[in-house]
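Working notes, structure below.
Reckoned from all heavy atoms, side chains included, excluding hydrogens, waters and symmetry mates. In what follows, chains carry the letters A, B, and so on, assigned in the order in which the sequence lines appear, proteins first and then strands, with residues in each chain numbered from 1.
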Protein chains: 2
Amino acid sequence: MEALAALADPTRRQIVSLLAAGERGAGELAGQFPVSRPAISRHLRVLREAGLVQVRVEGQRRVYALDPAPLSELDAWLAPYRRLWAQRLDALDTEIARGRRARTQEDGR
Amino acid sequence: MEALAALADPTRRQIVSLLAAGERGAGELAGQFPVSRPAISRHLRVLREAGLVQVRVEGQRRVYALDPAPLSELDAWLAPYRRLWAQRLDALDTEIARGRRARTQEDGR
DNA sequence: AACGTACGTAACTGGACAGTTAATTAAGGA
DNA sequence: TCCTTAATTAACTGTCCAGTTACGTACGTT
C-alpha cells in the first residue's frame with residue numbers, strides 16, 4: 001500500500017491520469033504543470049519507487065508509462081470495505097420502500 | 001480525494017480496519033497501538049476531517065464509527081483505471097485462447 | 001571534438017506532520 | 001464539593017517532503 005502515499009499528492013495523481021491515456025516523455029509531462037522540471041522529476045521518481053510508472057530510455061528521452069499493478073492492489077485493499085456502502089445503499093432502499101416513516105427514532109443525536 | 005492522504009498512514013489504515021468491524025471508543029482504539037493516546041486522538045481527528053469516521057459522544061466516552069463515503073469516493077476515482085488491468089488480463093486470456101499467434105496486429109499501442 | 005538538448009541528482013529551504021509530555025475540559029461517583 | 005476517569009488540546013521537537021536553483025551526465029548533431 002505504498003501507492004497510497006504516492007497518490008496522496010494531487011500532482012502525482014494528475015501524472016497518473018495523463019499516463020492512463022498513453023505514455024509520455026518526461027519533458028512532455030513537465031510542460032503540463034506549473035512547477036519546475038526537477039520537481040516533476042522527483043514526482044516521477046516517487047511514482048517509480050511506488051511501482052506506478054515504468055521508464056523506458058529511448059535515446060536521450062525518458063518515456064514514462066503507467067503500471068496499473070499498484071492500482072489493482074489498491075482495488076483489492078478496498079474490496080472488503082465495499083460491502084459497507086453497498087449495505088448502506090441497501091438500507092436506504094429499505095428506508096425508501098417503507099415510505100420513510102418513523103425517522104426520528106433511529107436518527108440519533 | 002482528501003481521503004488518500006488520510007489513508008496513507010498505516011496507523012490510520014489500521015484504525016479504519018478496526019472500525020470496519022464495528023464502532024469503538026477512543027481509548028479502546030488507543031489500546032491497540034504502541035503509541036500514546038494523544039497520538040491516536042490526532043489520527044482520529046485527521047480521519048474525522050477526511051470524513052472517514054464519525055464520533056458520537058456517549059457520557060465521557062467518544063465512540064467512533066466508520067463512515068464509508070470517502071472509501072466509496074475512492075472506489076469511484078479508481079473506476080476509470082480498472083480497464084487497465086482488466087484489459088491486461090483480457091489480453092492474457094485472448095493470448096492463451098489463440099495459442100499465442102499473430103500477436104503484433106492488435107497490439108495497437 | 002565541441003555544443004545543445006533532455007533529464008536526473010545535489011544541496012538547500014519552508015512547511016506540514018507524527019510523536020512526545022503537560023495542561024484542559026467534561027462526566028460520574030464518593 | 002472533591003477526586004478519578006476519559007479524552008482532547010496545547011506546546012514543542014524531530015523528521016519528512018515538495019519546491020527551488022545549480023550542477024552533472026548522457027545522447028545526438030554539426
What's A:Tyr64 touching, base or sugar-phosphate or nothing? Going by heavy atoms closer than 4.0 Å. sugar-phosphate
Should the pair A:Arg82-A:Asp75 be classified as a salt bridge under the 4.0 Å nitrogen-to-oxygen rule? yes
Rounded to the nearest angstrom, tell me the gap between atom CG in B:Leu4 and atom P in C:dC17. 14 Å
Report the distance from atom CZ of A:Arg61 to atom P of C:dC7, rounded to the nearest whole Å. 5 Å
Hey, which sits more toward the 5' end of DNA chain D by its nearest nucleotide, A:Val57 or A:Pro34? A:Pro34
Answer yes if A:Val46 and B:Met1 sit in the same cluster of Ile, Leu, Val, Met, Phe, Trp and Tyr residues linked by side chain heavy atoms under 4.5 Å apart, and no otherwise. no
Test of understanding: clusters of I, L, V, M, F, W, Y form through side-chain heavy atoms closer than 4.5 Å, transitively. Do B:Val16 and B:Leu78 belong to the same one? yes
Hey, are the side chains of B:Leu52 and B:Tyr64 touching, using non-hydrogen atoms and a 4.5 Å cut-off? no
Check whether any side-chain heavy atom of B:Leu4 lies under 4.5 Å from a side-chain heavy atom of A:Asp9, and answer yes or no. no
Between A:Gln60 and B:Val35, which residue's closest nucleotide on DNA chain C lies nearer the 5′ terminus? A:Gln60
Using the side chain to side chain donor-acceptor pair (under 3.5 Å) rule, collect all pairs that involve residues 28-45 of chain A, keeping only residues at least two apart or in two chains. A:Arg12-A:His43, A:Arg45-A:Glu49
When you measure from every atom of DNA chain C, which of residues 12-31 of chain B have a heavy atom less than 4.0 Å away? B:Arg12
Looking at residues 39-51 of chain B, who's got a heavy atom less than 4.0 Å off DNA chain C? B:Ala39, B:His43
side-chain contact (heavy atoms from CB on, under 4.5 Å) evaluation trace for A:Val63 with A:Val55: CA-CA 6 Å; A:Val63 180; A:Val55 213; over 6 Å; no
Work out which heavy atom in A:Glu23 is nearest to a heavy atom in A:Ala65; give both atom names and the distance. OE1-CB, 3.8 Å
Looking at every heavy atom in both A:Ala6 and A:Ala50, which two are closest together, and how far apart are they? CB-CB, 3.8 Å
Overall bend - the helix from C:dA1-D:dT30 to C:dA30-D:dT1, comparing terminal axes fitted on five pairs, nearest 10 degrees: 10°
Sorted by chain and number, sequence neighbours left out, side-chain contact (heavy atoms from CB on, under 4.5 Å) with B:Ala20 holds for A:Tyr81, A:Leu84, B:Leu66
Given A:Arg61, A:Arg62, A:Arg56, the one that forms salt bridge (charged side-chain N to carboxylate O under 4.0 Å, His left out) with A:Glu58: A:Arg56
Can you name the one residue among A:Gln54, A:Arg24, A:Gln14 that meets side chain to side chain contact (heavy atoms under 4.5 Å, CB included) with A:Leu19? A:Arg24
Would you please test B:Asp67 and A:Trp85 for side-chain contact (heavy atoms from CB on, under 4.5 Å) and show each step? CA-CA 9 Å; B:Asp67 185 341; A:Trp85 62 86; over 6 Å; no
With a 4.0 Å cut-off (strictly under) to non-hydrogen atoms of chain B, the first and last hit nts on DNA chain D, 5' to 3', are D:dT5 to D:dT9
